[in-house]
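Some notes on the structure that comes next.
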Amino acid sequence: MSSFPKRIFLSGVAVLTLGMSAAGARAEIIGGVEFPQGALSFADAVVSYQPGLEGNAPTAPHQGAANALGVPDYNGVNSCASQDACSFVSLGVGGRIVLRFVDNLLTGSDSDADDLWIFEVGPDVEGTIVDISVNGIDWLSVGAIGGSTRGIDIDAFGYGSSSAFAYIRLTDAANNGGTTGATVGADIDAVGAISTRAAAGAGTGDMGDDDRRIRPHRRGAPARQAAARIAGRPT
């Protein structure tokens, strides 16, 4: 699969970038789903991660929020020795993660086709509540998925091709699935926008006030180390 630019925003700070511009996007079948913009279609940044808001949280190796970014890469391993070795992030009971599309935006399609695809993985069926936002502050519900990998048609909620959203909020449905265990809660591998268009400034390096915070690191431990350095924490 192609390598595209990825940026993690931990606590609003850009600390990671990975690969290629919107100009090189092409349609690809990824995880059995056709994404017209290929790997560009997937969430680029973690805005926030709050595990176990209504109960137990997953163990530390399963709290790697950055593992929800980029194309799906679930390898069937459900018990991880470390966040680096994990291909997903677990939300815990009622836990929540907010992701952002940086170089593209989620849109409707003016049809009943799926527009957004959530790759929820693992052996347990765990529901996930899905909200979308233009600004990361005001949220609009687009329902829920009942567990496992599946899509959402945002047109069904009144949002067509003229609507555009940069933020996705996923919340574990606390009354669905198990309440204990190392990977308790919904397990998120990736989030992709099937219906999408380029964001303003995509491919130009224009990240506004966060531009100065970008660091060229790969997904995994180096990204967390970069975040720690910026926050002034020991690595």
Side-chain angles (χ1 to χ4, degrees), residues 1-10 12-14 16-28 30-31 33-48 65-66 68-72 96-119 128-143 145 150-171 188-211 213-214:
M1 294 179 185
S2 303
S3 175
F4 280 72
K6 299 296 169 188
R7 301 175 178 88
I8 297 176
F9 291 70
L10 300 177
V13 177
L16 174 70
T17 160
L18 294 186
M20 176 180 158
S21 76
R26 65 181 186 275
E28 294 185 63
I30 300 174
V33 180
E34 182 175 0
F35 288 89
Q37 295 298 310
L40 178 70
S41 308
F42 290 84
D44 305 288
V46 175
V47 177
S48 63
L69 300 179
V71 297
R96 176 178 295 161
I97 190 167
V98 176
L99 304 176
R100 180 183 173 190
F101 296 108
V102 173
D103 42 21
N104 66 302
L105 298 170
L106 167 70
T107 70
S109 59
D110 299 329
S111 75
D112 60 0
D114 288 326
D115 304 299
L116 177 67
W117 201 268
I118 313 294
F119 290 82
T128 308
I129 300 164
V130 183
D131 303 294
I132 58 179
S133 175
V134 172
N135 56 17
I137 299 171
D138 304 302
W139 294 96
L140 303 165
S141 173
V142 288
I145 60 170
R150 60 188 64 195
I152 292 177
D153 171 22
I154 71 170
D155 293 84
F157 297 87
Y159 310 117
S161 60
S162 62
S163 302
F165 304 93
Y167 297 86
I168 308 294
R169 183 172 68 186
L170 305 177
T171 304
I188 308 301
D189 177 23
V191 177
I194 300 172
S195 300
T196 186
R197 68 169 182 251
T204 67
D206 180 9
M207 295 299 297
D209 291 340
D210 290 315
D211 205 20
R213 293 292 193 172
I214 295 173

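Everything quoted here is computed from the prediction, not taken from an experiment. Residue numbers start at 1 and run along the sequence shown.
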On a heavy-atom basis, which atom in [X] and which in [Y] lie closest, and how many Å separate them?
X      : Y      : result
Gly70  : Ala190 : O-CB, 3.4 Å
Ala45  : Val102 : CB-CG2, 4.0 Å
Ile97  : Ala68  : CD1-CB, 4.2 Å
Ser162 : Arg197 : O-NH2, 4.3 Å

- prompt: Is it the case that Arg169 places NZ or CZ above or below the six-membered ring of Trp139, under 6.0 angstrom from the centre and within 45 degrees of the axis?
  reply: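 Output yes; distance and angle both within limits.
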Pairwise distance [atom1]([X]) to [atom2]([Y]) - rounded to 0.5 angstrom:
X      : Y      : atom1 : atom2 : value
Ile118 : Ile168 : CD1   : CD1   : 6.5 Å
Ser41  : Ile30  : OG    : CD1   : 6.5 Å
Arg96  : Thr128 : CZ    : OG1   : 12.5 Å
Ser141 : Asp131 : OG    : CG    : 5.0 Å
Leu40  : Arg26  : CG    : CZ    : 11.5 Å
Phe119 : Trp117 : CZ    : CH2   : 7.5 Å

Minimum side-chain heavy-atom gap [X]-[Y] below 4.5 Å:
X      : Y      : answer
Leu69  : Leu99  : yes
Ile154 : Leu106 : yes
Asn104 : Asp44  : yes
Ile132 : Tyr159 : yes
Asp115 : Ile152 : no

message: Could you check whether Ser133 and Asp138, counting side-chain N and O atoms only, form a donor-acceptor pair closer than 3.5 Å?
response: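 No, no side-chain donor-acceptor contact under 3.5 Å.
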field: Side-chain donor-acceptor pair present, Ser109, Asp155, cut-off under 3.5 Å
entry: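 Side-chain D/A pair, Ser109 to Asp155: present.
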query: Would Ile129 and Leu170 count as a side-chain contact (heavy atoms from CB on, under 4.5 Å) if you check the C-alpha gap in whole Å, the side-chain angles of each, and the deciding distance to 0.1 Å?
result: CA-CA 6 Å; Ile129 300 164; Leu170 305 177; over 6 Å; no
field: Side-chain (Thr196) to main-chain (Leu105) donor-acceptor, under 3.5 angstrom
entry: yes
- line: Of Ile145, Asp153, Val191, Thr107, the one forming a side chain to side chain contact (heavy atoms under 4.5 Å, CB included) with Leu116 is Val191
query: When you look at Phe42 and Phe35, which way does the ring pair (Phe, Tyr, Trp, His ring centres under 6.0 Å) test go after all the steps?
result: CA-CA 9 Å; Phe42 290 84; Phe35 288 89; 4.6 Å; yes
